[in-house]
Protein chains: 2
Amino acid sequence: MLPELKLAPLRYVLAILDSGGFHAAAKQLHRSQPAVSMAVRDLEERLGQPLFEKGGGKALLTPFGRWCEPRFRELVAHHDRVCRDALAIARQQRGRVDIAAVPSVASRLMPALLAGFLEAYPGIDISLQDGHSERVNEMVLKGEVELGITSLWLPDDTLRFDALLHDDIGVVCRDDHPLAQQNALHWRALKPYTLIRNGTSRLLEGSPAAELLTHSTLYISNMISLTAMLEAGIGVTTLPRLAFQEEHQRLRFIPLATPRLERRIGLLRRARQSLSPAADAMYGYLLTQLAGRISLKR
Amino acid sequence: MLPELKLAPLRYVLAILDSGGFHAAAKQLHRSQPAVSMAVRDLEERLGQPLFEKGGGKALLTPFGRWCEPRFRELVAHHDRVCRDALAIARQQRGRVDIAAVPSVASRLMPALLAGFLEAYPGIDISLQDGHSERVNEMVLKGEVELGITSLWLPDDTLRFDALLHDDIGVVCRDDHPLAQQNALHWRALKPYTLIRNGTSRLLEGSPAAELLTHSTLYISNMISLTAMLEAGIGVTTLPRLAFQEEHQRLRFIPLATPRLERRIGLLRRARQSLSPAADAMYGYLLTQLAGRISLKR
DNA sequence: GGAGCATGGTAAGTTTTTCTGATCATTTTA
DNA sequence: TAAAATGATCAGAAAAACTTACCATGCTCC
């Protein structure tokens, strides 16, 4: 029923109008003049009406041609717009990534990383939200974000995990605490003191130090509150080094030596689903930026 | 720079999505499955990003593909819309004709003709305006209308005239006028009476009867006023038969026998300019409808 | 667990489309 | 009137698109 109007002949027609003739259009299009003539004739046959006046020497539109011209222009412009946008996205010059990260990474690592990414890929919009590791996991799984930066990953067939860095677990206490002068600790050294559990405490599970958790009666999820407790000297806690905020003058971080514990922080994405070009750019960027820094030592 | 996205592959992609697979799409498109596969692969290469997930068995879009789908849909729909509209116009199923006619034709002939045209070509809009013959001539010349129906045509290189019918000139007078009982008149028979000139009086110019005009002191351009004058018995006038309104019970039309005068009524159009499809339909319709009726005898 | 039936991908050859180069007929320009 | 420019035409060449036949893989159902 509907003949298929190819875009090239439409361009030919527009070029003829813009350049004022078949010959000029052919040159502009890097085609031979017969190619233009034949394409136009074919188009006219498809439509069943001539577009150009046959009489005179110059290329003049018929009334039907005049009706067609603006529509052809719009259609070609529409094509070019779609094409340009698609290419910009494909080439990672535009787009959007939604990522999620655990709070420590979001606040400690992402600022510098995102600054670099924004510079390397201007035009890509970024949305970063934080959540505890299970929440990050869930957001990736449900497709709420394309990428997650998290630890504590239970092997899952539908998710893919790329390790980025290892983060040592240690003890945090006030600088006047008896443990504060140590360089490394055995877990039993903590037994005498009040242990405040927090969202990262489950990292101790499965290790000898897990016994400490059973004797702990205080759980604080919020990091601000937790540091306030520690500054008040209420007790000590365990934290990954990255989650320890160095800005606090009176708090000290002492690595656990026995058992040596660490969390693996890595990039999470859906396994059998490719990333958007923008997310792919972010993925590659994060991998290369954090490639060398297997462990966090400062 | 911009790769040319042909519409066919976009349709293939949409067909794959709508039918849920390459095979089903191929059948729906009356193509072989490899043709669809190759077209999609080519499209993906042009864009630089895959549109479909390669892993699983089913055809699933990548995030990039999901971004593309609605734009492809819109673009294809836009094409089809332009295509359909252009065809409708080319096939004279839609469109618009602007025509002009001298008042006698506009009021006596056009009603029936347009009724028939509207039935034969529903969907075509018509604009009809009337004016004296010079005005019709000018409107056609300036492109204000595509077709004119007029008499009194001075040969002109840029205009083309197709004769439609001959319209006898006669004398109109009240039924109690001395001339009213005649069947045919010699121009001299008018000399004793008051002659009212009107817009068609110049048709006498160049004939022996032109002498009558020099003795006429009354000119009425408006037809309503003119008939009122005639009904009042103020005088007689000359009119083409078509311009004589038979509805007036008290007025009579007596053909001029010597000289026998007539006006040629015909279709006027620009010479070296083709018509819009709608106007072409009107042109052909008027020619065929009025082809047999060379002269008006009732 | 393997036959059978889907899925989509690959390769070689054919058909269709599109383009070129040479040439022609007209019209416009100088 | 000669020269230059316009677009149209045709046969053959180049390019694109398609088809048939075949392969690899994943899923379903005895």
Side-chain angles (χ1 to χ4, degrees), chain A residues 2-47 49-62 64-65 69 76 79 157-158 271-274, chain B residues 2-47 49-62 65 76 79 157-158 271-274:
Chain A
L2 280 186
E4 181 86 357
L5 299 189
K6 283 164 211 133
L7 289 175
L10 302 193
R11 281 188 207 280
Y12 291 3
V13 169
L14 299 180
I16 290 167
L17 296 175
D18 292 339
S19 62
F22 284 60
H23 282 273
K27 188 192 287 182
Q28 172 185 317
L29 294 162
H30 305 292
R31 291 283 128 82
S32 63
Q33 172 262 319
V36 177
S37 277
M38 293 165 86
V40 169
R41 189 162 51 76
D42 179 71
L43 178 58
E44 289 176 334
E45 274 168 18
R46 277 175 207 267
L47 292 174
Q49 285 282 333
L51 295 166
F52 291 94
E53 296 290 352
K54 298 305 171 189
K58 295 290 176 203
L60 283 174
L61 282 175
T62 60
F64 179 64
E69 187 201 334
V76 168
H79 163 274
D157 202 23
T158 66
R272 265 168 294 278
Q273 170 119 35
S274 51
Chain B
L2 281 185
E4 181 86 359
L5 301 189
K6 282 166 210 130
L7 289 174
L10 303 192
R11 283 187 205 279
Y12 291 5
V13 169
L14 299 180
I16 291 167
L17 296 175
D18 293 339
S19 62
F22 285 59
H23 277 89
K27 188 191 288 185
Q28 172 184 316
L29 294 162
H30 305 292
R31 291 283 125 85
S32 64
Q33 171 264 317
V36 177
S37 277
M38 293 164 83
V40 169
R41 187 163 50 77
D42 178 72
L43 178 59
E44 290 176 334
E45 276 168 18
R46 278 174 206 267
L47 292 174
Q49 285 281 336
L51 295 165
F52 291 94
E53 297 289 356
K54 299 304 170 189
K58 295 291 175 201
L60 283 174
L61 283 176
T62 60
V76 168
H79 163 273
D157 202 24
T158 65
R272 265 167 292 277
Q273 169 117 38
S274 51

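Reminder, nothing fancy here: chain letters follow the sequence lines and each chain counts from 1. In what follows, every heavy atom counts, from backbone to side chain, and hydrogens, waters and symmetry copies are set aside.
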To the nearest angstrom, how far is B/Glu53 atom CD from C/dG9 atom C1'?
17 Å
Side-chain contact, heavy-atom cut-off 4.5 Å: A/Leu17 with A/Glu69?
yes
Report the distance from atom CZ of A/Phe22 to atom P of C/dT27, rounded to the nearest whole Å.
16 Å
Let me know which of A/Lys6, A/Arg11, A/His79 forms a side-chain hydrogen bond (donor to acceptor under 3.5 Å, both in side chains) with B/Glu4.
A/Arg11
Taking B/Thr62 for its side chain and B/Pro50 for its backbone only, find out whether a donor-acceptor pair lies under 3.5 Å.
yes
I need the B/Ser274 OG to A/Leu60 CG distance, nearest 0.5 Å.
9.5 Å
Side-chain contact test, heavy atoms from C-beta onward, threshold under 4.5 Å: evaluate it for A/Phe52 versus A/Leu61 and give yes or no.
yes
Of residues 8-16 of chain A, the positions that come close to DNA chain D - non-hydrogen atoms, cut-off under 4.0 Å
none
Tell me, do A/Tyr12 and A/Leu43 make a side-chain contact under 4.5 Å, heavy atoms counted?
no
Check whether any side-chain nitrogen or oxygen of B/Lys6 sits under 4.0 Å from OP1 or OP2 of D/dA17, and answer yes or no.
yes
Nearest-nucleotide pick for A/Arg31, side chain only, options being D/dG7, C/dT18, C/dC19:
C/dC19
Given side chains that start at C-beta, do those of B/Asp42 and B/Arg46 come closer than 4.5 Å, heavy atoms only?
yes
Specify the separation, in whole Å, of atom CZ of A/Phe52 and atom P of D/dA8.
9 Å
Nearest whole Å is fine: how far is D/dG7 C1' from A/Leu51 CG?
15 Å
Close approaches to DNA chain D from residues 32-45 of chain B, in residue order (heavy atom, under 4.0 Å)
B/Ser32, B/Pro34, B/Ala35, B/Met38
Looking at A/Gln33 and A/Phe22, would you say the former's side chain and the latter's main chain have a donor-acceptor pair under 3.5 Å?
no
Value for CD (A/Glu53) from CD (B/Gln273), rounded to nearest 0.5 Å, stands at 5.0 Å
With distance as the sole test, does A/Glu44 use its side chain to make a donor-acceptor pair with the main-chain N or O of A/Leu51 at under 3.5 Å?
yes
Rounding to 0.5 Å, atoms NE2 (B/His23) and OG (B/Ser32) come to a distance of 9.5 Å
Report the end-to-end axis angle of the helix from C/dG1-D/dC30 to C/dA30-D/dT1; each axis comes from five terminal pairs, and the value is rounded to 10°.
30°
When you check the phosphate oxygens OP1 and OP2 of C/dT7, does a side-chain N or O of B/His23 lie under 4.0 Å from one of them?
yes
Measure CG/A/Leu29 against P/C/dT20 and give the value in whole Å, please.
10 Å
